[in-house]
**Student:** 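Provided herewith is a single structure, encoded as structure tokens, for subsequent inquiry.
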Protein chains: 2
Amino acid sequence: EDIVVSDVIVDTTQARVTIKNLVDKAGIAANLFSTVAEGGVMVDMIVQNVSQKGRTNITFTIPANDLEKCLALVKNAIDTSDDVSLTHDAEIAKISVAGIGLRSHTGVGEKMFRTLSDHGINILLVGTSEMRMSAVINKSQADAAEKALCEMFLEIEA
Amino acid sequence: EDIVVSDVIVDTTQARVTIKNLVDKAGIAANLFSTVAEGGVMVDMIVQNVSQKGRTNITFTIPANDLEKCLALVKNAIDTSDDVSLTHDAEIAKISVAGIGLRSHTGVGEKMFRTLSDHGINILLVGTSEMRMSAVINKSQADAAEKALCEMFLEIEA
Ligand SMILES: C[C@@H](O)[C@H](N)C(=O)O
Ligand SMILES: C[C@@H](O)[C@H](N)C(=O)O
């Protein structure tokens, strides 16, 4: 019954960048990602939750090797006088469960999160789509997460 | 040069639910999504950004027809005495740009956000993966967004 999941992917090559307290108005995301793209940095995951009091945070992941360059680019683009700030984390792993029609199988997200929590793994960031559910966790737990998710979804002793 | 994008999808059948101020520790996401799944509500997008002061928000989208049921389920599952609260929005559209290898083409996210901002469309929520970039916007702007994104990515006068 778990055949909808075709793959478990663990990526330990990325870093997280978060811009905090951005004004939630049209054009802000466009400007940010233009800056990063023009700097030649490739962005993988992008996560933005709903705003509170007109402000929100945008987090994205990039190759860890580009972290210095990316932080420099973004620092020039943000308005620190407006309380916008920057955080980053190089000690992450991005784990993804890939398949088809994940939405119509209510069990996948729940199983993925339960599997991680059963192993005491805290979920730092989540972004999902119909074909891929991705969570960012601490890099030190990447192997444990991979093993547990492979056992859960692929019936493999990884 | 835009052939990596194969589809522009606009979904106006969903609603957004956000649980605010959750404790950021292992097991919280698992409990939340178990509750929703056991109630028979199918979850599509899930977005969680990084925590601040040990707390974070989780947002997810569901069929708009399940909103009442979902809110009732979640209210029972959260600890309002711990300042955890619930918000929702039925007036959303989820717009997605789908393709292959979106990560390695730095232009796609930037173009998607720029196209929306050029039309004055504010981006409320973002969750992306290598094959699909999704943004939630106000439902009233769904047609404008679809037209603009089809013109940008599919060279169609939609
Ligand atoms: C925060 C950012 O996404 C903003 N809402 C925008 O549309 O660009
Ligand atoms: C907030 C929630 O995702 C929590 N970090 C968990 O792992 O369940």
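Just so you know, these numbers use all the heavy atoms, side chains as well, and skip hydrogens, waters and symmetry mates. Residue numbers start from 1 in every chain, and the chains themselves are labelled A, B, ... in the order their sequence lines are given, proteins ahead of strands. Model, not experiment: these values are computed from the prediction.
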**Student:** Could you report the tightest heavy-atom contact between B:I46 and A:M133, atom names first, then the distance?
**Tutor:**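 For B:I46 versus A:M133, the nearest heavy atoms are CD1-CE, 3.9 Å.
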**Student:** Does any part of the side chain of A:L124, heavy atoms only, come nearer than 4.5 Å to the side chain of B:Q48, both counted from C-beta?
**Tutor:** no
**Student:** Measure B:R114 against the heavy atoms of chain A and call it side chain, backbone, both or neither at under 4.5 Å.
**Tutor:** both
**Student:** Under the side-chain contact (heavy atoms from CB on, under 4.5 Å) criterion, do B:M45 and A:S129 qualify, and how do the steps go?
**Tutor:** CA-CA 6 Å; B:M45 223 170 146; A:S129 67; over 6 Å; no
**Student:** Just by distance, do the side chain of A:E110 and the backbone of B:V36 share a donor-acceptor pair under 3.5 Å?
**Tutor:**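 No, the answer is negative, given that no donor and acceptor are paired below the 3.5 Å cut-off.
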**Student:** Would a hydrophobic clustering, with Ile, Leu, Val, Met, Phe, Trp and Tyr connected at side-chain separations under 4.5 Å, put A:L86 with A:L32?
**Tutor:**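 Result: yes, single cluster for both.
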**Student:** Side-chain heavy atoms nearer than 4.5 Å, only ILVMFWY residues, links allowed to pass through others: does that put A:L125 and A:V10 together?
**Tutor:**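 As far as the 4.5 Å side-chain criterion goes, A:V10 and A:L125 are not connected within one cluster.
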**Student:** Which atoms of A:N31 come close to chain B, meaning under 4.5 Å heavy atom to heavy atom: side chain ones, backbone ones, both, or neither?
**Tutor:** both
**Student:** Following the transitive rule for hydrophobic clusters with a side-chain heavy-atom cut-off under 4.5 Å over Ile, Leu, Val, Met, Phe, Trp and Tyr, establish whether A:V41 and A:I92 coincide in one cluster.
**Tutor:**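 A:V41 does not cluster with A:I92.
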**Student:** Quick one: closest heavy-atom pair of A:N57 and B:Q52, and the distance?
**Tutor:** ND2-OE1, 2.6 Å
**Student:** Only one of A:D89, A:V136, A:T59 forms a side-chain contact (heavy atoms from CB on, under 4.5 Å) with B:V50, so which one is it?
**Tutor:** A:T59
**Student:** Evaluate whether atom CG of A:D143 has more than 12 neighbouring non-hydrogen atoms of other residues, nucleotides or ligands under 6.0 angstrom away.
**Tutor:** no
**Student:** Looking at every non-hydrogen atom in both residues, tell me the closest pair between A:S117 and B:A26 and how far apart they are.
**Tutor:**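 Of all heavy-atom pairs spanning A:S117 and B:A26, the closest is CB-C, 4.0 Å.
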**Student:** Can you tell me which portion of B:I28 sits under 4.5 Å from chain A's heavy atoms? Options are side chain, backbone, both or neither.
**Tutor:**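 No part of it gets close to chain A.
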**Student:** Do A:V47 and B:V126 touch side chain to side chain, with heavy atoms closer than 4.5 Å?
**Tutor:** no
**Student:** Linking I/L/V/M/F/W/Y whenever any side-chain heavy atoms sit under 4.5 Å apart, do B:I95 and A:M131 land together?
**Tutor:**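 Looking at the clustering, A:M131 is in a separate group from B:I95.
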**Student:** Which region of B:S134, side chain (C-beta onward) or backbone (N, CA, C, O), has a non-hydrogen atom less than 4.5 Å from a non-hydrogen atom of chain A, or is it both or neither?
**Tutor:**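 Neither part, no heavy atoms under 4.5 Å.
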**Student:** Using 0.5 Å steps for rounding, measure from the OG1 atom of B:T128 to the CG atom of A:D44.
**Tutor:** 6.5 Å
**Student:** Is B:D82 atom CG crowded by more than 12 heavy atoms from other residues, nucleotides or ligands, each under 6.0 Å away?
**Tutor:** yes
**Student:** Determine the minimum heavy-atom distance between B:I123 and A:D24, stating which atoms define it.
**Tutor:**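 Heavy-atom minimum between the residues: O-OD1, 3.4 Å.
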